[in-house]
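Written out below as structure tokens is the structure these notes cover.
Throughout, protein chains are lettered first and strands after them, A, B, ... in sequence-line order, and every chain is numbered starting at 1. Since this is a predicted model, take the numbers as computed values, not measurements.
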Number of protein chains: 2
Amino acid sequence: MARHAGVSPSTVSYVLSGKRSISEETRRRVRASIRELGYRPHAGARALASSRSNVLALMIPLRSGIAVPVVMQFAVSVVTAARRHDHDVLLLTQEEGEDGLRRVADSALVDALIVMDVQMRDPRLPLLRSLDRPSVLIGFPADAGDLTCIDLDFHAAGAVCVQHLAGLGHREIALIGSPPEVYARQTGYAQRVADGFAAAVGAHGLAGEVHPCEATADAARALVARLLAERPGLTGVLVHNEPVVGPVVRALRAAGRRVPEDVSVVALCPDEMAEHAEPPLTSVAIPAEEVGGRAVELLMSKLDGVPVPAATLLPPTLTRRASSAPAPS
Amino acid sequence: MARHAGVSPSTVSYVLSGKRSISEETRRRVRASIRELGYRPHAGARALASSRSNVLALMIPLRSGIAVPVVMQFAVSVVTAARRHDHDVLLLTQEEGEDGLRRVADSALVDALIVMDVQMRDPRLPLLRSLDRPSVLIGFPADAGDLTCIDLDFHAAGAVCVQHLAGLGHREIALIGSPPEVYARQTGYAQRVADGFAAAVGAHGLAGEVHPCEATADAARALVARLLAERPGLTGVLVHNEPVVGPVVRALRAAGRRVPEDVSVVALCPDEMAEHAEPPLTSVAIPAEEVGGRAVELLMSKLDGVPVPAATLLPPTLTRRASSAPAPS
DNA sequence: GTGAAAGCGCTAACAC
DNA sequence: GTGTTAGCGCTTTCAC
């Protein structure tokens, strides 16, 4: 390659990296040779010489109770953002656990790591602290210490939904939440929504409790039936459980409740899902695209030695659609 | 590392790779040092010296009309299988296209490639042929040439569903298929199901046509309404479109048709989905786990220089559940 | 603005 | 059964 362009290897390297100034003429010749020969620098050699692999690890959750399409959105947005920064993404499954993270980090296969589905007391936290590579958590554990975390502000999200319903005059509401195992695992976001919900319920003087719900239509139907029977005054529901959003609405209707005339429904889910529901749902978006993108940006800053805030909480945005209305009088 | 164990670097390498015999004593000492020092070979150095990165590329589809959870199942099974063979997986999105494949292959970032969502005339085919690295397609293009392909035998899958319905005495049936854009792109599997369906309909002397359907509940409802209006004798439906399986069943019921007493429904979808539907659906499984695993095995064989068959078609398995019954008389 | 050369940390061919 | 050594193909100091 270098000889084809009539320059030294280092010059080729510098043309590619732009780390020192090159004469217009030389740059042109090198570029021409690159195109002609279809030259690509060898990733391994590069990683060895520069101790940068330009690869990020992304560990995605697999466990029951997680919404697969949502996870996929995160993954895609991470890959897309990484490519913008000339990085690739290595896919790890949660199953690999701490060993997987250690393996790819210590072997210098990756420069940095992103982990999703963070639990309150996550066993990966001490490991991530001990690694000499930067990492970003999508989600907040109970005690992050100085680990970098980013996520939607789920506490505020839960609260803003309650506030919306309270503003519409609803007095008795309920949260249909994630599957029980998600709470049992102490997965941060589920807990935080419940907390934000409860806090706002208290602040607004409403009645309202949290009901975990399996991610099946049957479970949703059963729960709705129970709620309607036990809480005749119920007029507002917040659903934070993607797969049962549809079933909940249908169960309400099957029980003779109109949405939104009799019962208002607010969802905490990706916008696209809320838009395409029947009826379109008032919702707080889970901004997978933005979270994934920002996670990568944070990592890039850290790799460049630029300090970043330890916590990034994205404020929730509630979009009003057809599923919520003033409480019936 | 080598000095800590009191051996030469090559000995460490050989202990790790097992490529030559090592005395029990030496192996023990080396292993002990590895553990003590927490030593991990540098992935880049290894790739450079051995021209093997032990990384596979997986390009996943993103385009509209594809069922995200199904794609995710493939991805997870590929990662899991790859790890069994001591390989990692680099995630590429379809958006990266041919350039992305070329980039990771030519830079030696990956040893081999897996591409999903293959179209009949896929622009990536010539590229894959030109690369000097092995690849496997999950799906079949119109003309695979000597490219290695694996997938469920969708033609047979379509046919076996028709056969099942014919055996139950149904005479008028319909295929509710993938979204129109999937056919328009000439995506292999959609076309093949339709072909297998049509062939079997002919062979059994039935009446039946193919109806593409958008992946929304609204579209499903509208299509079911139209079918019931235009085809009063319709008693059997094959659904090959994951997101609308539920909506189709509900639309039939809403129209006063019992499932399976009045209309039998057969689905072509992952088993898990069919099991959890209401009612549980007679279905032909999309064996994501097996396809992903086999794709990796094929790649490993090719990397080892072992020849593999160009085409692997997994035979369909129909599982009878509660949604199909003899045709009403 | 450019080149020469010393590694980066392994693997594998070649010794013995 | 083990050690020696020559690369693998880059990046980056150092020199000019």
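For A:Lys19, no side-chain nitrogen or oxygen approaches OP1 or OP2 of D:dT11 to under 4.0 Å. At the phosphate of D:dT11, OP1 or OP2 sits under 4.0 Å from a side-chain N or O atom of A:Arg46. Within the structure, every side-chain polar atom (N or O) of B:Ser50 is placed at least 4.0 Å from both OP1 and OP2 of C:dT11. Between D:dT13 and A:Tyr14, no contact under 4.0 Å exists linking OP1 or OP2 to a side-chain N or O. A sub-4.0 Å separation between OP1 or OP2 of D:dT2 and a side-chain N or O of B:Ser23 is present.
Among the atoms of the strands shown, only primed sugar atoms or phosphate atoms (P, OP1, OP2) are found under 4.0 Å from some heavy atom of A:Thr11.
Side-chain atoms of B:Ser23 and B:Thr26 include a donor-acceptor pair closer than 3.5 Å. Side-chain contact check for A:Arg185 and A:Gln191: no donor-acceptor pair (N or O, by modelled atom type) lies under 3.5 Å.
Place B:Ser17 and B:Ala45 on DNA chain C by their nearest nucleotides, and B:Ala45 ends up nearer the 5' end.
Taking atom CD of residue B:Glu24 and atom C1' of nucleotide D:dG1, one finds them 13 Å apart after rounding to whole Å. Spacing between atom NE2 of A:His42 and atom C1' of C:dG9 amounts to 14 Å, rounded to whole angstrom units. Remark: P of D:dT13 and CZ of A:Arg20 are 11 Å apart, rounded to the nearest angstrom. Distance, A:Asp111 CG to D:dT11 C1': 15 Å, rounded to whole Å. A:Leu16 places its CG atom 15 Å from the C1' atom of D:dT12, with the value rounded to the nearest Å. Per the geometry, CD belonging to A:Glu25 stands 14 Å off P belonging to C:dG1, to the nearest Å. Rounded to whole Å, the distance from CG on B:Leu37 to P on C:dG9 is 14 Å.
Put simply, the side chain of B:Arg3 and the base of D:dG3 share no donor and acceptor less than 3.5 Å apart.
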